[in-house]
S.K.: 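This is the structure, below, for whatever I ask next.
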Amino acid sequence: YHTSQGKMRSEIGRAPAETHIGEERKKIVRTFGGNQKVRALRIDYATVADPATGKSQKVKIETVEANSANPNYVRRKLLTKGAVIRTEMGRARIVSRPGQDGVVNAVLLA
């Protein structure tokens, strides 16, 4: 089977942001339709919500403890959605997409 055509310009993806822990560094990217995405290249603070009290707080990210997307991401300390991070409040799971939203929102684990 041989494809008759390659991908169109709008179908080609971009390189992943690969957000690390570090002093905040962001990049604004123009997307389809003239919209914008904020890529977090490095970030050091997360907004962590506590489901027991319903309060959220900005806390410093200490390290990445687990990442179900790729175990190699833990060694490289990459922040992705679903990653478990250790913060000043305790362990939390990232629920936002840092490479697309530009922020790290997380929920405290029990």
Side-chain angles (χ1 to χ4, degrees):
Y1 177 76
H2 187 267
T3 56
S4 60
Q5 67 183 38
K7 288 187 178 181
M8 294 174 72
R9 181 66 189 94
S10 60
E11 296 171 336
I12 296 172
R14 289 192 174 95
E18 295 192 338
T19 308
H20 287 78
I21 299 171
E23 190 178 332
E24 192 170 290
R25 188 184 295 174
K26 293 181 180 179
K27 181 181 184 183
I28 294 173
V29 176
R30 184 192 182 274
T31 61
F32 194 75
N35 298 313
Q36 291 183 335
K37 284 184 183 179
V38 181
R39 293 227 190 280
L41 304 175
R42 289 186 194 165
I43 205 153
D44 51 356
Y45 283 93
T47 305
V48 179
D50 187 354
T53 61
K55 305 240 172 157
S56 60
Q57 181 175 344
K58 185 178 176 181
V59 292
K60 193 160 181 64
I61 301 169
E62 292 172 1
T63 186
V64 178
E65 289 196 344
N67 197 326
S68 57
N70 189 339
N72 192 32
Y73 286 0
V74 179
R75 286 181 227 129
R76 294 170 61 194
K77 307 257 186 273
L78 294 185
L79 301 170
T80 60
K81 182 178 177 179
V84 177
I85 55 174
R86 188 167 63 234
T87 65
E88 295 166 344
M89 285 176 68
R91 290 173 42 138
R93 181 177 304 280
I94 298 176
V95 293
S96 65
R97 300 173 73 186
Q100 310 235 2
D101 305 335
V103 293
V104 174
N105 295 327
V107 175
L108 210 57
L109 297 174

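The first residue in the sequence is number 1, and the count goes up from there.
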S.K.: Sequence neighbours left out, what pairs pass side-chain hydrogen bond (donor to acceptor under 3.5 Å, both in side chains) with at least one residue falling in residues 7-17?
M.R.: none
S.K.: For the residue pair Val64 and Leu79, establish whether any side-chain heavy-atom pair is separated by less than 4.5 Å.
M.R.: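 Side chain of Val64 against side chain of Leu79, heavy atoms only: contact under 4.5 Å found.
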S.K.: Which side-chain hydrogen bond (donor to acceptor under 3.5 Å, both in side chains) pairs, counting each pair once, include a residue from residues 58-86, with sequence neighbours left out?
M.R.: Glu18-Arg76, Glu62-Arg86, Thr63-Lys77, Glu65-Arg86, Glu65-Arg91, Asn67-Thr80, Asn72-Arg75
S.K.: If only atom types and distance count, is the side chain of Thr19 paired as donor or acceptor with the main-chain N or O of Ala40 below 3.5 Å?
M.R.: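 The answer is yes, because a donor-acceptor pair under 3.5 Å joins these two groups.
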S.K.: Once rounded to the nearest 0.5 Å, what's the spacing between atom CG of Asp44 and atom CD1 of Ile61?
M.R.: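 If we round to the nearest 0.5 Å, Asp44:CG and Ile61:CD1 are 7.0 Å apart.
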S.K.: Give every donor-acceptor pair under 3.5 Å between a side-chain atom in residues 93-110 and any protein atom, sequence neighbours left out.
M.R.:
{"residue": "Arg93", "atom": "NH1", "partner": "Gly82", "partner atom": "O", "Å": "2.8"}
{"residue": "Ser96", "atom": "OG", "partner": "Val103", "partner atom": "O", "Å": "3.0"}
{"residue": "Ser96", "atom": "OG", "partner": "Asn105", "partner atom": "N", "Å": "2.9"}
{"residue": "Gln100", "atom": "OE1", "partner": "Lys37", "partner atom": "NZ", "Å": "2.7"}
{"residue": "Asp101", "atom": "OD2", "partner": "Arg97", "partner atom": "N", "Å": "3.0"}

S.K.: Hey, mind stepping through Leu78 and His20 against side-chain contact (heavy atoms from CB on, under 4.5 Å) and telling me if it holds?
M.R.: CA-CA 5 Å; Leu78 294 185; His20 287 78; 3.4 Å; yes
S.K.: Which atom names give the shortest non-hydrogen contact between Gln36 and Thr31, and what distance separates them?
M.R.: N-OG1, 3.8 Å
S.K.: Which atom pair, heavy atoms only, marks the closest approach of Val29 to Arg39?
M.R.: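 Distance-wise, the nearest heavy atoms are CG2-CG, 3.7 Å.
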